[in-house]
Q: 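First the structure, which I've put down as structure tokens, then a few questions once you've had a look.
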Amino acid sequence: MTYDVGALRAQFPALRAGTAHFDGPGGTQIPEPVIAAIADAMSNPLSIRGTEVLGETNAETIVQEFRQAMADLLGASASGIVLGRSATQLTYDFSRVLAKTWAPGDEIVVSRLDHDANIRPWLQAAEQTGVHVRWADFDPDTGELPAAAVGEVLSDRTRLVAVTAASNLIGTCPAVAEIADLVHRSGALLHVDGVHYAAHNFVDVTQLGADFFVCSPYKFFGPHHGVLAASPELLETLRPDKLLPSTDAVPERFELGTLPYEFLAGTRAAVDFLAGLATGAAVAGDRRDRLRSAYAAVERHETALRERIEKELSLLDGVTIHSRAAERTPTLLLTFADRSATQAYHFLAQLGVHAPAGSFYALEASRHLGLGDSGGLRVGLSPYNDASDAERLLEGLTAFLAS
């Protein structure tokens with residue numbers, strides 16, 4: 001099995017501009033096959049889904065291929081794949097639906113490690129229904145969120161636990177399967193924010209134990225929208241607000257209005273593109289098998305690059321790396337002894353290196369780390385980053401510290 005980062009980079013038109021992108025956690029660049037799939041969908045007849053004319057069947061085919069592609073990516077059922085405008089929007093929608101089943105005195109659990117999109121919707125739903133909120137804290141020194149930290153705030157009144165599969169701020173990957181076991185023993189449901197996780201890790205929602213799993217295709221080469229995966233049987237039990245004439249079938253009952261067919265075509269193409277990242281005689285099987293091989297190759301590439309960057313950063317005076325968990329994505333959060341992260345961001349930007357600064361909507365995590373709302377400089381790797389990108393970043397930071 002081989003991984004050719006040079007050949008990969010050649011398929012991204014945006015990389016020809018010369019920027020070294022370390023902004024992957026905020027969204028990746030788009031490869032040519034995805035761009036072509038979007039254009040192809042918009043260049044052919046499209047109508048409201050149906051079975052009679054070409055525009056109808058084109059739309060229906062795009063939707064079904066999208067659902068199957070995302071099911072293959074996540075290890076889910078195609079009939080449990082729900083489209084949303086964003087992961088945030090999906091979480092808000094499902095928080096409102098699930099809150100209908102809660103009563104005053106019930107409890108939910110949220111984590112300080114999470115993006116605010118997996119905190120605020122649940123807090124607001126709890127406030128509106130009189131449900132008590134309990135917090136699971138991560139260790140700011142290690143960046144770890146042990147399963148026991150969630151377990152100790154569970155009770156027989158817990159109705160839902162919301163936790164991330166990977167922190168978008170510091171990269172920590174909690175033991176979601178262990179957390180799921182504790183959550184399900186308490187009789188609660190588990191909602192997993194997989195937005196950052198799915199960009200770097202092979203996902204199996206059943207193995208993770210996630211009742212709901214959300215992700216965003218634009219984090220892994222696709223268009224800007226969100227996806228939720230759940231079992232069709234669970235979705236059948238939930239009654240969202242919807243228009244009277246709209247279908248009550250699952251998963252369509254959760255999708256309001258006409259779907260963005262061109263984006264769904266792009267997402268299918270992004271999954272196929274991911275499945276082709278690893279090449280060689282050892283890579284075979286169906287799309288799910290090829291995705292498994294591809295993610296293994298990506299992980300090796302990204303880990304090697306991340307370790308190189310960490311090693312060089314450790315030699316620089318005045319740099320603190322807050323990403324320390326044993327299991328984590330290739331995501332580093334940096335702060336500086338006598339400079340702000342924003343200053344570093346501006347300095348690097350002038351050199352054509354994009355490593356943004358902030359808390360990136362992970363406000364609770366940033367505050368828990370003692371960084372307030374300012375956060376730090378986030379260096380987020382993507383599959384197309386290479387050694388020359390790393391060198392430019394390190395040279396830039398060295399020059400910044402010496403300036």
Side-chain angles (χ1 to χ4, degrees), residues 3-6 8-9 12 15 18-29 141-144 166-173 196-197 199-201 219-220 277 295-360 362 365-366 369 371 375-403:
Y3 186 82
D4 188 339
V5 69
L8 173 65
R9 290 173 64 85
F12 287 81
L15 297 183
T19 301
H21 284 276
F22 292 95
D23 58 332
T28 55
Q29 305 307 305
D141 293 326
T142 65
E144 300 282 7
S167 165
N168 73 304
L169 187 68
I170 57 175
T172 299
C173 295
H196 190 52
Y197 185 85
H200 302 284
N201 296 272
K219 310 291 187 175
F220 47 84
L277 290 186
Y295 271 99
V298 167
E299 183 178 9
R300 283 194 295 273
H301 171 73
E302 291 181 332
T303 299
L305 208 54
R306 187 257 299 170
E307 289 177 346
R308 175 187 173 183
I309 293 170
E310 281 185 306
K311 180 180 178 181
E312 296 296 325
L313 288 175
S314 69
L315 302 177
L316 299 178
D317 292 332
V319 179
T320 299
I321 303 175
H322 299 274
S323 304
R324 302 167 184 160
E327 296 292 331
R328 51 194 164 95
T329 63
T331 308
L332 303 174
L333 186 73
L334 313 178
T335 55
F336 307 93
D338 57 356
R339 311 283 184 86
S340 73
T342 301
Q343 288 175 307
Y345 158 59
H346 290 310
F347 188 93
L348 291 171
Q350 296 304 308
L351 302 176
V353 176
H354 188 188
S359 59
F360 307 100
S366 182
L369 287 167
L371 304 178
L377 186 81
R378 185 175 65 182
V379 176
L381 299 179
S382 296
Y384 46 65
N385 285 120
D386 63 4
S388 67
D389 286 340
E391 194 62 33
R392 290 173 63 188
L393 171 74
L394 293 165
E395 288 177 355
L397 287 174
T398 300
F400 168 69
L401 293 168
S403 63

Q: Sequence neighbours excluded and cut-off under 3.5 Å, please list the side-chain donor-acceptor pairs for residues 308-315, or say none.
A:
residue: Arg308; atom: NH2; partner: Glu391; partner atom: OE1; Å: 2.5
residue: Glu310; atom: OE1; partner: Arg306; partner atom: NH1; Å: 2.8
residue: Glu310; atom: OE2; partner: Arg328; partner atom: NH1; Å: 3.0
residue: Glu310; atom: OE2; partner: Arg328; partner atom: NH2; Å: 2.9
residue: Ser314; atom: OG; partner: Lys311; partner atom: O; Å: 2.5

Q: Could you check whether any side-chain N or O of Arg324 sits under 3.5 Å from a backbone N or O of Asp141, counting only pairs where one atom can act as donor and the other as acceptor?
A: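 Pair found, side chain donor or acceptor close to backbone of Asp141.
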Q: At their closest point, which heavy atom of Gly143 faces which heavy atom of Ala325, and how far apart are they?
A: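 In terms of heavy atoms, the two residues are closest at O-CB, 4.1 Å.
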Q: Give, for atom CG of Asn385 and atom CZ of Arg9, the distance between the pair rounded to the nearest 0.5 Å.
A: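 Answer for the CG-CZ pair, Asn385 versus Arg9, is 7.0 Å.
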Q: Go through it in stages, so that I can follow the logic: the residues are Thr28 and Tyr384, the test is side-chain contact (heavy atoms from CB on, under 4.5 Å), and I'd like the CA-CA distance, side-chain angles, deciding distance and then a yes or no.
A: CA-CA 9 Å; Thr28 55; Tyr384 46 65; 3.7 Å; yes
Q: For Glu299, is the CD atom crowded, meaning more than 12 foreign heavy atoms sit under 6.0 Å from it?
A: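 No, CD of Glu299 has 12 or fewer neighbouring heavy atoms, counting only those of other groups under 6.0 Å.
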Q: What's the spacing between Ile170 CD1 and Thr142 OG1 if we round to 0.5 Å?
A: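 Result: 8.0 Å between the selected atoms.
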Q: Under 30°, 30 to 60°, or over 60°: which ring-plane class applies to His301 and Tyr3, parallel, tilted or perpendicular?
A: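 Tilted, since the angle between the ring planes falls between 30° and 60°.
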Q: Quick one: OG1 on Thr331 to CG on Leu381, what's the gap to the nearest 0.5 Å?
A: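 Rounded to the nearest 0.5 Å, the OG1-CG separation comes to 7.0 Å.
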Q: Just by modelled atom types, is the Phe360 backbone N or O under 3.5 Å from a matching donor or acceptor in the Asn168 side chain?
A: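 Yes, Asn168 side chain to Phe360 backbone: donor-acceptor pair under 3.5 Å.
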Q: Is there side-chain contact between Pro383 and Leu8, with at least one heavy-atom pair below 4.5 Å?
A: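 Yes, close enough: below the 4.5 Å cut-off.
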Q: Provide the closest heavy-atom pair for Leu169 versus Ala362 in the form atom of the first, atom of the second, distance.
A: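 For Leu169 and Ala362, the tightest heavy-atom pair comes out as CB-CB, 3.9 Å.
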Q: Would you name the heavy atoms of Ala166 and Gly171 that are closest together and state the gap between them?
A: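 That would be CB-O, 4.4 Å.
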Q: Short question: side chain of Ser323, backbone of Leu333 - any donor-acceptor pair under 3.5 Å?
A: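 Yes, because the side chain of Ser323 sits within donor-acceptor range (under 3.5 Å) of the backbone of Leu333.
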Q: How many angstroms lie between NE2 in His200 and OG1 in Thr303, if you round to the nearest 0.5 Å?
A: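 It is 10.0 Å, given to the nearest 0.5 Å.
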Q: Can you tell if the side chain of Asp338 reaches within under 4.5 Å of the side chain of Gln343, non-hydrogen atoms only?
A: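 Side-chain contact under 4.5 Å: no.
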Q: Judged by atom type as modelled, is there a donor-acceptor pair below 3.5 Å linking the side chain of Thr172 to the main-chain atoms of Ser167?
A: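 Here the side-chain-to-backbone pair does not exist.
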Q: Taking distance alone, no hydrogens or angles, what donor-acceptor pairs closer than 3.5 Å link side-chain atoms of residues 394-403 to residues at least two apart or in another chain?
A:
residue: Thr398; atom: OG1; partner: Leu394; partner atom: O; Å: 2.8
residue: Ser403; atom: OG; partner: Arg339; partner atom: NH1; Å: 3.3
residue: Ser403; atom: OG; partner: Phe400; partner atom: O; Å: 2.6

Q: As an exercise, state the distance from CG of Leu377 to CZ of Phe22, rounded to the nearest 0.5 Å.
A: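 Rounded to the nearest 0.5 Å, the CG-CZ separation comes out at 10.5 Å.
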Q: Measure the spacing between OG1 of Thr342 and CZ of Phe336 and express it to the nearest 0.5 Å.
A: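 Going from the OG1 atom of Thr342 to the CZ atom of Phe336 covers 10.5 Å.
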Q: Indicate the atoms forming the closest heavy-atom contact of Cys173 with Tyr197, along with that distance.
A: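 Smallest interatomic distance, heavy atoms only, reads SG-CD1, 4.2 Å.
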Q: Take Leu15 and Gln29 through the side-chain contact (heavy atoms from CB on, under 4.5 Å) test and state the conclusion after the steps.
A: CA-CA 8 Å; Leu15 297 183; Gln29 305 307 305; 4.3 Å; yes
Q: Mark yes when over 12 heavy atoms from residues, nucleotides or ligands other than Glu327 sit less than 6.0 Å from its CD; otherwise mark no.
A: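 Open: at most 12 neighbouring heavy atoms sit under 6.0 Å from CD of Glu327.
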Q: Between Ser382 and His21, does any side-chain donor sit less than 3.5 Å from a side-chain acceptor?
A: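 Per modelled atom types, Ser382 and His21 side chains form no pair under 3.5 Å.
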Q: Mark yes or no for whether Lys219, through its side chain, and Pro25, through its backbone, hold a donor-acceptor pair below 3.5 Å.
A: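 Yes: the side chain of Lys219 pairs with the backbone of Pro25.
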